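Here the structure is laid out as structure tokens; the discussion comes afterwards.
Start at 1 and go down the list; that is how both ligands and their atoms are numbered. All values derive from a computational prediction rather than experimental measurement.
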Amino acid sequence: MEKHFAIINRIDTIDTEKTQEIIRTAGDIIRNGGTVIFPTETVYGLGANALDSEASKKIYKAKGRPSDNPLIVHISNLDMLNQVAKGISEHAKVLIKKFWAGPLTMIFYKKEIVPSETTGGLETVAVRMPSNLIARNIIEYAGVPIAAPSANISGRPSITTGEYAVEEMSERVDMIILSDDSEIGIESTVVDMTTELPVVLRPGKISQSDIIRAISKDDEDFFKKLEQLELLIDSKNEKAVETKSPGMKYRHYSPDAKVFLLKKDEIVRRLEQLKKTNEKLKENVDKPQNHLCKRELSEGCFKDFIQTELESAKKSQIRVLTKEQNKKFYGEYSVSLGKNADEIAKNMFRLLRKMDEEKVKIIFFEDFNDGSEFISAVMNRIRKAAENID
Ligand code: TXA
Ligand code: MG
């Protein structure tokens, strides 16, 4: 097949003539059924005309994404919302006013005009108005809503740095627009607005408490209704969320390295164990067993894994990703994700990809969940990177 390379442009400031020209080119490509990778405040998106079934299919093909995993439709004004969605509740209106433009995706019933290719066959549609001005200008200029999943190959970590989009996707799309690293660094909060009370399907920067607070300011009965709500949030009811949000059941965010999400003491213990094994292996290098098991998270498996794959385990093949304050516990293995939740979210996907560049084989990601909702949203991603769903 003929090789096809994307047009690649960088945008630094929004209001120059050159920028407007790049945005016009991107808008034209989208309107004509092509694909464009562009920055948003959460992660980079891979966009195409949401109203064109052939264009949507190109997204699935470029990402290698299963066709039952629906896309988020990005809009730049409320007319576009009314074009694609119906039955917009009073609660939804409150959330729109409070959180749009921004990192909140809402699920509504879809209108006929949205092809089932865009919604993975569902009768509902996910909609978000990004705050990133490059993204909004492209949508506005294209004049059509843009379906855009995260710009990574399906199953890989999301892309938050333009250069990684070029590296991974330049032969798979028509255009790539580079800009600053994504400001937030994890994908938008997804909330289902088709049920009587909103249900968070994917946690993100806008937390469940933010949503509850916004709605109850406007609706005094909301708290009373909340008490009856069973499906309160993702982690408590993962099975229900998987049924509702097809994307959540797939393996996600995985770098080449095996990822283990563990508490501090367990990481320290395993590093010790590793050192011992390493010394033993040095004494007795022969006979590694040829056994690779599927459940990496079990300890037995972990032992097998290090004995087979890491015959000569070197420091360079293992990293501990942790917060700045805890680096001291892991010595030379430590890589700092940042000091606070905002920095950690912003750096996480970029660092997972950097580990691949450095050919790291094992990542211990410290589970430093402190109960804050944003850190749990980060850990939600890592839990998925660590799972191996066949
Ligand atoms: O921040 C973001 O949301 C980024 C940027 C590019 O905007 N996009 C993004 O898209 O993360 P994607 O495709 O990687 O994730 C979309 C998620 C999936 O978990 C999918 O299952 C869910 O949204 N989703 C989409 N449409 C849905 C629907 N109609 N019902 C339930 N879940 C839906
Ligand atoms: Mg994604």
Side-chain angles (χ1 to χ4, degrees), residues 35-48 50 56 59-60 62-76 84-85 99-111 114-132 134-136 138-139 145-160 165 168-169 177 182-195 198-206 231 234 238 240-254 345 349 377 380-381 384-385:
T35 48
V36 177
I37 289 181
F38 58 87
T40 85
E41 69 278 19
T42 54
V43 299
Y44 277 71
L46 193 175
S56 276
I59 295 179
Y60 288 97
K63 281 179 64 80
R65 175 172 172 130
S67 62
D68 69 343
N69 189 356
L71 307 174
I72 294 177
V73 173
H74 294 63
I75 58 171
S76 57
V84 298
F99 298 116
W100 277 3
L104 181 70
T105 295
M106 283 185 261
I107 314 279
F108 301 106
Y109 286 105
K110 82 172 185 77
K111 283 194 177 156
V114 185
S116 66
E117 282 78 3
T118 298
T119 62
L122 299 175
E123 278 312 304
T124 53
V125 60
V127 188
R128 145 167 144 80
M129 187 190 288
S131 62
N132 181 291
I134 301 171
R136 278 234 302 287
I138 295 173
I139 305 166
I146 297 183
S150 49
N152 51 288
I153 289 179
S154 194
R156 299 262 305 140
S158 297
I159 290 177
T160 52
E168 185 152 301
M169 304 303 281
I177 296 177
S182 312
E183 204 180 303
I184 296 174
I186 65 170
E187 306 84 348
S188 60
T189 307
V190 177
V191 57
D192 187 357
M193 302 306 294
T194 64
T195 40
V199 179
V200 174
L201 299 179
R202 178 175 73 183
K205 174 78 182 163
I206 293 172
L231 278 179
D234 54 296
E238 283 200 354
V241 166
E242 281 175 12
T243 325
K244 267 275 182 182
S245 189
M248 298 302 274
K249 71 173 179 281
Y250 290 109
R251 188 174 190 208
H252 261 86
Y253 316 116
S254 303
F349 284 130
N380 163 281
R381 298 336 190 245
K384 295 203 179 291

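- In terms of polar-atom proximity, Tyr44 is not counted as a contact of ligand 1, lacking any N or O under 3.5 Å from an N or O of the ligand.
- Residue contact check: Thr124 has heavy atoms under 4.0 Å from atoms 28 (C), 29 (N), 30 (N) of ligand 1.
- Scanning Asn69, Leu122, Val199 for the heavy atom closest to atom 18 (C) of ligand 1 points to Asn69.
- The shortest heavy-atom contact between Ile37 and Met169 is CD1-CB, 3.5 Å.
- Ion pairing between a basic and an acidic side chain is recognised when a charged N comes within 4.0 Å of a carboxylate O; Glu41 and Arg128 show such pairing.
- In terms of heavy atoms, Ala151 sits closest to Ile159 at O-CD1, 3.7 Å.
- Residue Ser150: an N/O/S atom is found under 2.8 Å from the Mg ion (ligand 2).
- Contact between Phe108 and Ala85 at its shortest, heavy atoms only, is CB-CB, 3.6 Å.
- Side-chain contact between Lys110 and Pro115 is absent, with no heavy atoms from C-beta onward closer than 4.5 Å.
- Residue-ligand proximity, His74 to ligand 1, at heavy-atom distances under 4.0 Å covers atoms 5 (C), 6 (C), 7 (O).
- In this structure, Lys110 does not count as a contact residue of ligand 1, since none of its heavy atoms falls inside 4.0 Å of the ligand.
- When every heavy atom of Thr189 is checked against every heavy atom of Val200, the shortest pair comes out as CG2-CG1, 4.2 Å.
- The shortest heavy-atom distance from Thr119 to ligand 1 is not under 4.0 Å.
- Minimum interatomic distance between Arg65 and Pro149 (heavy atoms only, all atoms of both residues): NH1-CB, 3.3 Å.
- Residues Ile186 and Ser158 have side chains not in contact (no heavy-atom distance under 4.5 Å, counting atoms from C-beta outward).
- Numbered from 1 in the order shown, with element, the atoms of ligand 1 that lie under 4.0 Å from a heavy atom of Ser150 read 8 (N), 9 (C), 10 (O), 12 (P), 14 (O).
- The shortest heavy-atom contact between Ile139 and Pro145 is CG2-CA, 4.5 Å.
- When heavy-atom distances to ligand 1 are checked against a 4.0 Å cut-off, Ser188 comes that close through both its backbone and its side chain.
- Atoms of ligand 1 lying under 4.0 Å from any heavy atom of Ala148, numbered from 1 in the order shown and given with element: 6 (C), 8 (N), 10 (O).
- At under 3.5 Å, not a single nitrogen or oxygen of Thr40, backbone or side chain, sits near a nitrogen or oxygen of ligand 1.
- Closest heavy-atom approach to atom 33 (C) of ligand 1 within the set Ile159, Leu201, Ile107: this belongs to Ile107.
- When non-hydrogen atoms are compared, ligand 1 lies under 4.0 Å from the side chain of Arg65 (C-beta onward) but not from its backbone.
- Between Arg128 and ligand 1, an N or O atom pair is found at a separation short of 3.5 Å.
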